[in-house]
Trainee: 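Below you'll find the structure I mean.
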Amino acid sequence: MRIEDYNKLPDRVSIKEIEIMFVDILKKYENEIVSKEEFLDIVNILAERQIFTYEILNNNIREMLDCNFKKIWNTENYDEVDIILSVVINLGLQGTYEKVKESLKNNKNIDKKILLEIQETVEDNGEDISNPYQSLENFR
């Protein structure tokens, strides 16, 4: 599938289909079949669809994504930071989130716009993001 195909996915896709697509794009990225930019864009699209399943993504897939996002995390490109923050919060990638928070401590060389984006994300989401649906649990 190409990015255009992912964009055409309906808003609601089953959790099983989403998981298959996440595994597929992870393999393609790890085998250098897709670029980092394509990987980020596709994972962002899938994360947006995954939200509507109202289920936490499979732990193995989350761990694989978390591992890759920790490697990708940088504070030099606003667009990448924006996508990574969105995916990290939407999927509850706690390991990458810890790395994001750590970057606030060493912020001397971070562009002010990027720094503000990171600060706002951390302020809005607190310490533990491992369950993206935590705020909805009161409605059960």
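On a predicted model such as this, the values are computed, not experimentally measured, just so you know.
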Trainee: Quick one: does any side-chain atom of D82 pair with a main-chain N or O of L85 as donor and acceptor, under 3.5 Å?
Mentor: no
Trainee: Quick one: OG1 on T75 to CG on N107, what's the gap to the nearest 0.5 Å?
Mentor: 9.0 Å
Trainee: Taking the six-membered ring where the residue is Trp, are the ring centres of F69 and Y97 under 6.0 Å apart?
Mentor: no
Trainee: Write down the atom of L46, the atom of I18, and the distance for their closest heavy-atom approach.
Mentor: O-CD1, 4.1 Å
Trainee: Could you pull out the closest heavy-atom pair between L104 and Q119, with the gap in Å?
Mentor: CD2-CG, 3.6 Å
Trainee: Identify the heavy atoms of L57 and Q50 that sit nearest to each other, and give their distance.
Mentor: N-NE2, 3.6 Å
Trainee: Please answer whether the main-chain N or O of E80 pairs with a side-chain N or O of N77 as donor and acceptor at a distance below 3.5 Å.
Mentor: yes
Trainee: Check the hydrophobic clustering (I, L, V, M, F, W, Y; side-chain heavy atoms under 4.5 Å; chains of links allowed) and say if I3 and L9 are grouped together.
Mentor: yes
Trainee: What's the separation between atom CG in N44 and atom CD1 in I83, rounded to the nearest 0.5 Å?
Mentor: 5.5 Å
Trainee: Counting C-beta onward and ignoring hydrogens, is there a side-chain heavy-atom pair between I42 and M21 closer than 4.5 Å?
Mentor: no
Trainee: Would you say the side-chain atoms of D41 pair up with the backbone N or O of E38, donor to acceptor, closer than 3.5 Å?
Mentor: no
Trainee: For the hydrophobic clusters of this structure (ILVMFWY residues joined by side-chain heavy atoms under 4.5 Å, transitively), does one cluster hold both I20 and F22?
Mentor: no
Trainee: Looking only at non-hydrogen atoms, find the nearest pair between R49 and D11 and report the distance.
Mentor: CD-O, 3.6 Å
Trainee: With the 4.5 Å side-chain cut-off for hydrophobic clustering, are L116 and Y78 part of the same group?
Mentor: no
Trainee: How many angstroms lie between CE in M1 and CG in N7, if you round to the nearest 0.5 Å?
Mentor: 9.5 Å
Trainee: Quick one: CG on D66 to CG on L93, what's the gap to the nearest 0.5 Å?
Mentor: 4.5 Å
Trainee: Rounded to the nearest 0.5 Å, how far does CD1 of I61 lie from CD1 of I25?
Mentor: 13.0 Å
Trainee: Is the shortest distance from a Lys or Arg side-chain nitrogen in K101 or E98 to a carboxylate oxygen in the other one below 4.0 Å?
Mentor: yes
Trainee: Would you call K105 and E102 a salt bridge, using N to O less than 4.0 angstrom?
Mentor: yes
